[in-house]
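A, B, ... follow the sequence lines: proteins, then strands. Residue 1 opens every chain.
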Amino acid sequence: MNSAFNVVATLGSARSGDLTLPHGVVQTPVFMPIATKGAVKYLSQEDLDALGPEIILSNTYHLYLRPGVDVLNEFGGLHALMNWKKPILTDSGGFQVFSLAKLRKLTDDGVTFNSHIDGREIHFTPELSMDIQAAIGSDIWMAFDYFPGYPATRADAQRSIDLTTAWAERSLNRQKEVNVTNSKLFGIVQGSSFKDLRAESAQQLTELGFDGYAIGGLAVGEPSEVMYEMIEATEPYLPSDRPRYLMGVGQPEQLLEAAKRGIDMFDCVLPTRNARHGQVYIHASDEPLVPADLSTVNYKKITIKAAQYKIDKQVLDPYCDCLTCSAGYARGYIRHLFTVNEALAQRLTTIHNVSLYLKTMRLIRTHIRAHNE
RNA sequence: GGGUAGGUGGCAGAGUGGUCAAUUGCACCUGGCUGUAAACCAGGCGACUUCGGUCUACGGGGGUUCGAAUCCCUCCCUGCCCA
C-alpha cells in the first residue's frame, strides 16, 4: 500500500520526503509561495513556471468572497481558473478569524464575519470551509481552526485547542463526504506558548487521523526561541510518516531551524510582501546560501529603496541566477522603479525574493538527501 | 501709468496679534512587515544641543506692541483688470 508521504532521507531530526498529491509529487522540505486570491502578487504563470515552486498556497475565505463558489465550479476549480498545473494547498480561513478579528463574532458553531469587501455578514463553519475547498479542488485542504492571537492566556490557549479539535473532527467528517478529488486534509495544532497544550493538541488531532499535521499560531510575535521550543514540544506527538507543516513561517533562518527540527512544509508572506515593500533578501557573500552542514542561511536583507542604492550599478544580487538578476537589472534601476512607482519594481523584486526562498529550501533538501546516499 | 490680489519651510497651500519652528498634502529620508483587508504602515524632515533648551526663520528694511507670519510705513517682486 502506497503512502502519500515517504521519507526518503534524514539528517539528524531533519527529513526529506516525497509527498504524492493529485497534481504531482512534492519533494520536502518545501516552501509554498502565497497566492491568497489566486495569484502570487505581481507574477504571471510564466514567471511562476520559471521560478518553479513545487506547490503554492491559496486561501479559502478570500476565494469564497471572490470569485465565489459559482465561478470556481463553472471553471472546474482553481487549477483551471489559474491555469496552474501543480499542487495547491488552501488555508481554511481559520487564520482570518484572527486577522479580521475586528469584523467577527465567534461561537462554538463557527465564526460570523463581516466581509472585508462589502461588509455583508458571512457565517463561516468547518463544513462551509470544506465545501469551499472542494469547489477550489486544492490538493491539500486545511481543517478549520481557531487561533486566539498572541499573547494568549492559558485559558485562551485551552479554548483554542478545544475549539480547534472539535472543528477538526467536523472538518474531517465533512471532507469525507465532499472530497471527490482525492485531496488531502491536514489538521492544525494550536496551544499558543504552552508546551503541554501543544502536545495535547497534537495528540487529539493524531487520534482523529489526518493526512498531515500543521503547527499553527506561531511566528506571531513571540521570540524565535519560543517558536522552536513549541516545535520541539509538538513534533514527538506527530506521526513520523505524515508531513508536518509550520504555518506562516518565516525568515530564512527560521525555515532552516524548523527544518532541522523535523518540519517538512512552509509558507510565508515575507518574500512576496517584503519584495513589494522594497525589502530584498540577497546572498551575504559568495559562500553557499546554505552550507552542507545546515549551519546557517548566508543571506542579508537590504532596503533597495534606500538612497544608498541611487547610483549602485551592481546587479540586485550578484550571486543569484534568478530571472531578475541574470537579466542584469541594477540596484540603482530597481530603486528608481520604486521611486517612480512602476509595477516592474515589485515584479522584479518578487521574482528575486521568491527565487531565494525556493533556493534556500532546495539546498536544504539537497543536503539532507545527499547525506543519505 | 491707474486699479486690484498676493509674496509662508524643496513644492503646493493653511494660519491672519500670544497655545507658531508654523495645520495639511506632495516630495524626500529611515525603519517595520511571519497560515496577505498590506503597491501597506510607522517615524523623521531649519540649525545647534549637556535633550532642559538655545539660536535663526513666514520677500527686504523700518515701526507699533509686554508679545508680530499675523497690525502700520516703505522698498522690491509676481498675477489679474483697465489704459
Side-chain angles (χ1 to χ4, degrees), chain A residues 31-43 55-63 65-66 89-104 113-119 122 129 138 140-147 149-150 164 186-190 212-224 226-227 244-255 257-258 263 265-281 301-310 335 337-350 353 357:
Chain A
F31 179 79
M32 304 180 279
I34 297 189
T36 297
K37 300 181 226 174
V40 177
K41 293 182 192 294
Y42 282 88
L43 300 189
I55 173 171
I56 60 174
L57 176 149
S58 198
N59 187 280
T60 302
Y61 168 75
H62 290 276
L63 293 177
L65 294 185
R66 294 184 301 198
L89 177 147
T90 38
D91 190 20
S92 59
F95 193 68
Q96 277 61 50
V97 176
F98 161 70
S99 64
L100 302 171
K102 290 174 209 130
L103 306 173
R104 72 149 200 243
F113 289 102
N114 287 106
S115 159
H116 70 276
I117 305 294
D118 59 11
I122 298 158
S129 179
S138 46
I140 298 174
W141 304 2
M142 299 306 296
F144 192 63
D145 67 325
Y146 173 60
F147 165 57
Y150 178 87
T164 294
F186 284 20
I188 304 176
V189 173
Q190 291 292 344
Y213 296 87
I215 302 177
L218 291 178
V220 288
E222 80 286 3
S224 288
V226 172
M227 178 172 84
R244 295 93 169 249
Y245 163 30
L246 181 60
M247 305 186 80
V249 174
Q251 300 284 354
E253 71 277 11
Q254 293 174 328
L255 303 184
E257 291 306 315
I263 300 297
M265 303 169 64
F266 303 90
D267 77 281
C268 191
V269 302
L270 282 177
T272 43
R273 180 185 291 164
N274 279 344
R276 269 176 278 127
H277 296 169
Q279 299 257 341
V280 181
Y281 297 87
K301 198 173 70 174
I302 66 170
T303 304
I304 198 64
K305 293 188 291 187
Q308 66 177 115
Y309 299 109
K310 193 173 281 185
R335 183 193 122 90
L337 293 175
F338 271 106
T339 302
V340 298
N341 202 23
E342 281 291 340
L344 181 58
Q346 279 93 335
R347 185 166 93 93
L348 293 176
T349 51
T350 298
N353 277 357
Y357 263 67

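Here the separation of B:G61 from B:A22, taken at their C1' atoms, is 23 Å to the nearest Å. With C1' as the reference atom, B:G52 and B:A37 are 45 Å apart, rounded to whole Å. Rounded to whole Å, the P atom of B:G6 lies 12 Å from the corresponding atom of B:C72. When the P atom is used for both B:G59 and B:C26, the distance is 25 Å, rounded to whole Å. Between the C1' atoms of B:C73 and B:C28, the separation comes to 40 Å (whole Å). Rounded to whole Å, the C1' atom of B:U23 lies 6 Å from the corresponding atom of B:A14. For B:G62 and B:C81, the P atoms lie 36 Å apart once the distance is rounded to whole Å. Using P as the reference atom, B:A12 and B:A27 are 15 Å apart when rounded to the nearest Å.
Ring pair A:F95/A:F147 is parallel by interplanar angle, where below 30° counts as parallel and above 60° as perpendicular.
Closest-nucleotide positions on RNA chain B for A:T303 and A:G217 were compared, and the one nearer the 5' end corresponds to A:T303.
For the pair A:L89/A:Y245, a side-chain contact is recorded, criterion being any heavy-atom separation below 4.5 Å from C-beta on. For the pair A:K41 and A:T272, the minimum side-chain heavy-atom distance is 4.5 Å or more.
Nearest approach of A:N114 to A:G119, heavy atoms of both residues: ND2-O, 3.0 Å.
Within 4.0 Å of A:T339, counting heavy atoms only, lie sugar-phosphate atoms of the nucleic acid but no base atom. If you check every strand for non-hydrogen atoms under 4.0 Å, A:A345 touches nothing. The residue A:I188 sits close to a base: some heavy atom pair falls under 4.0 Å. Within 4.0 Å of A:E342, counting heavy atoms only, lies no atom of the nucleic acid at all. In this structure, A:F147 reaches the bases: a heavy-atom distance under 4.0 Å links it to at least one base atom across the strands shown. Residue A:K37 is in sugar-phosphate contact alone, with no base atom involved, counting any heavy-atom pair closer than 4.0 Å across all strands shown. As judged by a 4.0 angstrom heavy-atom cut-off over every strand, A:S115 is placed among residues making no nucleic acid contact. Looking at heavy-atom distances under 4.0 Å, A:G278 makes no contact with the nucleic acid at all. Residue contacts for A:Q96: at a heavy-atom cut-off of 4.0 Å it reaches the sugar-phosphate backbone alone, with no base atom in range. Residue contacts shown for A:N59 are limited to sugar-phosphate atoms, with no base heavy atom under 4.0 Å away. In this structure, A:D267 reaches the sugar-phosphate backbone alone: every heavy-atom distance under 4.0 Å involves primed, P, OP1 or OP2 atoms, never a base. Among the atoms of the strands shown, base atoms are found under 4.0 Å from some heavy atom of A:Y42. Note on A:R66: nothing from the nucleic acid sits closer than 4.0 angstrom, heavy atoms only.
With ring centers used as reference points, A:F266 lies 6.0 Å or more from A:Y357.
Expressed to the nearest 0.5 Å, how far CD of A:Q308 lies from CZ of A:R335 amounts to 10.0 Å. Atom CZ of A:R276 and atom CD of A:Q346 lie 8.0 Å apart (nearest 0.5 Å). Atom-to-atom distance recorded for A:L65:CG and A:Q96:CD is 9.5 Å, nearest 0.5 angstrom.
Put simply, the side chain of A:D267 gets close to the backbone of A:G248: a donor and an acceptor are under 3.5 Å apart. Side chain of A:T90 to backbone of A:S58: no donor-acceptor contact under 3.5 angstrom is found. Of the possible polar contacts, none joining the A:S138 side chain to the A:W141 backbone as a donor-acceptor pair under 3.5 Å is found.
On the nucleic acid side, RNA chain B contacts chain A at distances under 4.0 Å to non-hydrogen atoms, with the end points of that region at B:C28 to B:C40.
Both key distances under 3.5 Å define a Watson-Crick or G-U pair, and stretches of 3 or more such consecutive pairs in RNA chain B run B:1-7 with B:76-82, B:10-12 with B:24-26, B:28-32 with B:40-44, B:46-48 with B:53-55, B:59-63 with B:71-75.
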